[in-house]
Amino acid sequence: MASKVSLTQYLVEKQREKGLIPAELRLLLEVVARACKRIGIAVSKGALGGVLGDAGTDNVQGESQKKLDVIANETLLEANEWGGNLAAMASEEMDHSYTIPHRYPKGEFLLLFDPLDGSSNIDVNVSIGTIFSVLRLPEGVLAPTDDHFLQPGTKQVAAGYAIYGPCTMLVLTVGDGVAAFTLDRETGSWTLTEDQIRIPGQTKEFAINASNQRHWYPPVKRYVDELLAGRDGPRGKDFNMRWVASMVADVHRILTRGGIFMYPRDRREPDKPGKLRLMYEANPMSFLVEQAGGAATNGLQRIMEIRPSKLHERVAVFLGSREEVERVTSYHQDGDAA
Ligand code: P6P
């Protein structure tokens, strides 16, 4: 049986044999992975850990925070502030970025995260996850601010997520394909269980919150109606639908067996570009999906080429099997409003 490859061995190979990543990035990713392990332990305790339910506070998005949202955010901040690899961090749960305190050495990277995505699923025991993205601090910047995070997704040097489900997994890219690690609970180590993940170009599965159907703009309505028409319609085959309402779970399924994930902007908030956040949901997931051979657009352009203007900027998301994303994007370019 092939010897097990750990996350550290995987990253050392990328660092040493391929010169793809500096040691500081390897060390940063190992710290983030350890923090995700601890978040997974807190999540797995459920009611026994006294961590279910609301925290009684709201986050910058105006969403009520779950106790585990706060715990996950604090776990990532505490794990990463002293290591010397980061200049600052930004989180869905914090209004502004967090600069590494003067008492610790600063590094050259910026870390962004959604500490616990899919929080509405926490109390009903459905898979949730942590999403993270790594950028470089722009050259010559001594005092990082929110503005220094405002880089397009193409500038990411690493991205990934942990998914806390039937098993706990870490899915990661440093720009050389996508690898999946499964947490070995006996040894506590992240063990490589899949490498160079590829998303099939075609699929029979789509993911969208269909309860918003009456609010969709024409391109999305046309695309989904064709899927629902199945073999009797223009697509000539039947499709299946999944919607976990946890982006990490839906994206993990797509990386595993293909599919398309959609969260379009709609008529409920015509001035808003969408619900999901660009910097710490859409960009890291788009990096993973593209590295696995898939595609990711906002209906009009590649998500990773969007030039952010705000830290908590929202975006429409169509990502997954390339042929499907290209089709629904072409419908947007046929002149209808995205
Ligand atoms: P809805 C979770 O709150 C999240 O940000 C994503 O993880 C998920 O895909 C989406 O929102 C679910 O949104 O409107 O279906 O609850």
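What you see below is based on every heavy atom in this structure, not just the backbone, and it leaves out hydrogens, waters and symmetry mates.
Within the 4.5 Å cutoff, no side-chain heavy atoms of T182 are placed close to those of T191. Taking 4.5 Å as the limit, some side-chain heavy atom of F261 sits within range of a side-chain heavy atom of L276. Counting heavy atoms from C-beta on, the side chains of R265 and R314 never come closer than 4.5 Å. Looking only at side-chain heavy atoms (C-beta outward), Q65 and N73 stay at 4.5 Å or farther from each other. Side-chain contact between Y164 and L116 is present, with at least one heavy-atom pair separated by less than 4.5 Å. Put simply, the side chain of K37 reaches to within 4.5 Å of the side chain of W190, judged on heavy atoms. Counting heavy atoms from C-beta outward, L228 and M241 have side chains that stay 4.5 Å or more apart. Put simply, the side chain of L288 reaches to within 4.5 Å of the side chain of M285, judged on heavy atoms.
In the hydrophobic cluster analysis, where Ile, Leu, Val, Met, Phe, Trp and Tyr join through side-chain heavy atoms closer than 4.5 angstrom, Y223 is grouped together with V315. Using a 4.5 Å cut-off between side-chain heavy atoms of Ile, Leu, Val, Met, Phe, Trp and Tyr, with links allowed through other members, Y161 and L183 fall into different hydrophobic clusters. Under the 4.5 Å side-chain contact rule for hydrophobic residues, L29 and L135 do not share a cluster. With hydrophobic clusters built from ILVMFWY side chains whose heavy atoms lie under 4.5 angstrom apart, V32 shares a cluster with L77. Linking ILVMFWY side-chain heavy atoms closer than 4.5 Å, directly or via other members, places F287 and F109 in two distinct hydrophobic clusters.
For CZ of R231, the number of neighbouring non-hydrogen atoms (other residues, nucleotides, ligands) closer than 6.0 Å is 12 at most. Counting non-hydrogen atoms of neighbouring residues, nucleotides and ligands closer than 6.0 angstrom, the CG atom of N209 exceeds 12 such neighbours. Surrounding NZ of K106 are more than 12 heavy atoms belonging to other residues, nucleotides or ligands, all under 6.0 Å away. Around CZ of R16, the count of heavy atoms belonging to other residues, nucleotides or ligands within 6.0 Å does not exceed 12.
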Mind running side chain to side chain donor-acceptor pair (under 3.5 Å) on T168 and R185 for me, showing each step along the way? CA-CA 9 Å; T168 296; R185 293 191 185 282; 2.9 Å; yes
Between E226 and Y331, does the side chain to side chain donor-acceptor pair (under 3.5 Å) criterion hold? Intermediate values first, please. CA-CA 12 Å; E226 289 179 354; Y331 291 0; 2.6 Å; yes
side-chain contact (heavy atoms from CB on, under 4.5 Å) between R253 and V244: does it pass, once the steps are laid out? CA-CA 10 Å; R253 184 189 57 255; V244 185; 3.9 Å; yes
Before giving the answer on salt bridge (Lys or Arg N to Asp or Glu O under 4.0 Å), spell out for R34 and E30 the whole-Å C-alpha distance, their side-chain angles and the decisive distance to 0.1 Å. CA-CA 6 Å; R34 268 196 300 278; E30 287 173 344; 5.1 Å; no
For side-chain contact (heavy atoms from CB on, under 4.5 Å), just list the numbers for V325 and V289, CA-CA rounded to whole Å, side-chain angles, deciding distance to a tenth of an Å, and then say yes or no. CA-CA 11 Å; V325 175; V289 164; over 6 Å; no
For a salt bridge (Lys or Arg N to Asp or Glu O under 4.0 Å) check, start with the C-alpha distance between E24 and R136, then their side-chain angles and the critical distance, and finish with the verdict. CA-CA 11 Å; E24 293 73 18; R136 284 187 186 282; over 6 Å; no
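Without hydrogens or angle criteria, S6 side chain to Q9 main chain gives a donor-acceptor distance under 3.5 Å. Formation of a donor-acceptor pair under 3.5 Å by the H312 side chain with backbone atoms of M94 is found in this model. E313 places a side-chain N or O within donor-acceptor distance of the main-chain N or O of S309, the cut-off being under 3.5 Å.
If you look at Y10 and F181, their ring centroids are closer than 6.0 Å.
Rounding to the nearest 0.5 angstrom, the gap separating the CD atom in Q301 from the OG1 atom in T329 is 10.5 Å.
At a threshold of 4.0 Å, the pair E186-K4 does not count as salt-bridged, since none of the basic side-chain nitrogens sits closer than that to a carboxylate oxygen. Comment: D54 does not engage K67 in a salt bridge, judged by the lack of any side-chain N to carboxylate O separation of less than 4.0 angstrom.
Considering L278, I303, N298 as possible partners of V317, the one that fulfils the side chain to side chain contact (heavy atoms under 4.5 Å, CB included) test is I303.
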